[in-house]
Amino acid sequence: MSGPGNSRSRSVGGGFGLVLLLMLAVSITPPSTSTSTARAAGLGWSRVDPAQVVPLDQIPAEFRESVSEVIRDHTFHRQGDAESFPCNAGLYMSLVNEPSITLALWKDLAESPVQVKRIGPNRYQGEDGSGSTATWDFVLRTPKVHVLLAYLSYVSPRGNAKIDARIVLVLHTGYYREVNREPYVQHDVEAFVKVDSKGWKTLARTVRPVIERVLEDQVREAGQFVSLMSRLVVMYPTWATDVAMKQNEADEPARERFREIVAQNRKPNASDGRPVVMANPNEATADTRRR
């Protein structure tokens with residue numbers, strides 16, 4: 001299998017990468033307790049040239065400095081592994097660009113406290129039901145690169161710790177066809193986190209390992225989540241369309257585009273039923289049972 005190239009690192013592309021998905025990942029998958037995982041998340045303090053990470057000239061001027069600051073002075077950094085999966089480019093872009101539809105599909109299959117609403121053409125707000133709230137902007141949306149700038153606030157369950165942070169998610173995507181001409185997507189998710197909270201140094205010793213573990217899991221799950229959802233949509237197009245058309249957080253043109261893309265990619269062996277996702281979404285894409 002041959003995939004697209006990436007000038008910065010591996011032969012990878014960009015993923016779903018939404019702050020929403022980072023929040024979803026925490027809600028559906030408990031953080032790992034492995035210390036090796038925590039170390040892999042990557043500490044900050046090593047300066048990175050933002051121009052080597054994102055196309056700054058394509059990012060609107062009002063976001064450019066904030067994006068640069070987070071990348072340059074990040075507290076945490078993580079780049080997820082590349083993942084390849086069969087998916088039409090149009091369907092992939094629809095799942096990436098319409099988080100309210102993608103969330104609605106997941107919540108129809110599994111209980112999740114995550115909420116999201118669209119508050120502007122490129123701006124969303126969400127909360128995970130466990131103390132995290134976020135507002136994020138798509139500051140760049142292209143078929144091959146997405147850049148998101150998020151403002152995240154976390155309050156611990158007992159209210160004795162509060163962390164405010166900015167996150168830049170960089171999402172590279174490559175498209176290619178296998179020898180059988182089936183379309184494939186290859187992507188990864190890269191996250192830069194800058195903690196802005198006053199008194200962070202006091203909390204760092206106890207809180208840092210937790211954040212490192214969560215960030216590692218979130219970035220990995222974000223990349224896998226869109227792969228899972230794209231396969232479910234292709235396997236169960238009637239279900240996907242029915243759920244999306246009832247989602248009021250997405251505007252009517254977005255819902256209609258999704259319906260058309262799903263119809264265009266319907267396969268002869270597609271099911272008219274509803275998928276059943278296993279408790280751990282990494283164990284299987286979907287049960288083959290109909291409902």
Side-chain angles (χ1 to χ4, degrees), residues 13-18 20-29 80-116 126 128 146 171 173 175 178 182-189 217-250 254-291:
F16 194 44
L18 300 173
L20 167 64
L21 288 186
L22 295 186
M23 297 163 72
L24 273 173
V26 170
S27 300
I28 64 179
T29 305
D81 294 331
E83 182 178 9
S84 297
F85 52 95
C87 187
N88 171 270
L91 175 59
Y92 177 85
M93 287 293 291
S94 184
L95 291 170
V96 170
N97 287 327
E98 297 298 338
S100 56
I101 289 179
T102 309
L103 175 61
L105 293 172
W106 176 253
K107 294 185 71 169
D108 189 69
L109 300 176
E111 291 186 7
S112 172
V114 175
Q115 302 290 334
V116 65
D128 70 350
H146 284 69
L171 315 141
T173 304
Y175 309 91
E178 263 288 15
E182 184 173 13
Y184 267 72
V185 168
Q186 192 175 67
H187 70 202
D188 75 11
V189 179
D217 288 336
Q218 288 175 324
V219 168
R220 183 183 65 251
E221 291 296 326
Q224 294 174 347
F225 187 80
V226 69
S227 170
L228 166 64
M229 298 311 297
S230 67
R231 291 195 291 268
L232 290 177
V233 169
V234 171
M235 293 168 64
Y236 301 90
T238 302
W239 159 79
T241 301
D242 289 345
V243 173
M245 297 306 287
K246 298 174 184 176
Q247 177 49 241
N248 293 327
E249 286 296 339
R255 297 197 301 270
E256 186 60 28
R257 283 195 302 270
F258 183 81
R259 185 193 66 78
E260 292 175 356
I261 290 171
V262 172
Q264 292 167 5
N265 287 277
R266 186 183 183 97
K267 294 186 176 182
N269 62 345
S271 169
D272 285 326
R274 178 178 181 274
V276 178
V277 177
M278 300 180 70
N280 183 347
N282 293 323
E283 294 177 359
T285 56
D287 196 324
T288 55
R289 290 174 290 170
R290 269 64 164 173
R291 280 190 178 181

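Along the sequence shown, the residues carry numbers beginning at 1.
A heavy-atom distance below 4.5 Å is not found between the side chains of Tyr92 and Ser230. In this structure, the side chains of Thr102 and Val226 stay at 4.5 Å or more apart for every pair of heavy atoms. In this structure the side chain of Phe225 never reaches within 4.5 angstrom of the side chain of Val189, judged on heavy atoms. Side-chain contact between Glu98 and Phe258: absent, with no pair of heavy atoms (C-beta onward) separated by less than 4.5 Å. The closest side-chain heavy-atom distance from Leu103 to Gln247 is not below 4.5 Å. Two residues are said to be in side-chain contact when any heavy atoms from C-beta on lie closer than 4.5 Å; Asp81 and Asp188 fail this criterion.
We find the CZ-OG distance between Arg255 and Ser100 to be 9.0 Å, quoted to the nearest 0.5 Å. Taking CG of Leu105 as the start and CE of Met229 as the end, the distance is 4.5 Å to the nearest 0.5 Å. Note that CH2 of Trp106 and CG of Asp108 are 11.0 Å apart. Values are rounded to the nearest 0.5 Å.
Ring-plane geometry between Phe85 and His187 is classed as perpendicular, the angle between the planes exceeding 60 degrees on a 0 to 90 degree scale with a lower cut at 30.
The nearest pair of heavy atoms linking Ser94 to Ile261 is CB-CD1, 4.1 Å. Leu232 and Pro275 make their closest contact through CD2-CB, 3.9 Å (heavy atoms, listed as atom of the first residue, atom of the second, distance). Looking at every heavy atom in both residues, Ala270 comes nearest to Arg266 through CB-CG, 4.2 Å. Smallest separation of non-hydrogen atoms from Ala250 and Ile101: CB-CG1, 3.7 Å.
Residues forming a side chain to side chain donor-acceptor pair (under 3.5 Å) with Asn88 (at least two apart in sequence, or on another chain): Asn265. Shown here are the side-chain contact (heavy atoms from CB on, under 4.5 Å) partners of Val234, two or more places apart in sequence or in another chain: Leu91, Lys267. Glu256 pairs by the side-chain contact (heavy atoms from CB on, under 4.5 Å) definition with Met245, Arg259, Glu260, not counting sequence neighbours. Take Pro86 and apply the side-chain contact (heavy atoms from CB on, under 4.5 Å) test, not counting sequence neighbours, and it matches Glu182, Tyr184.
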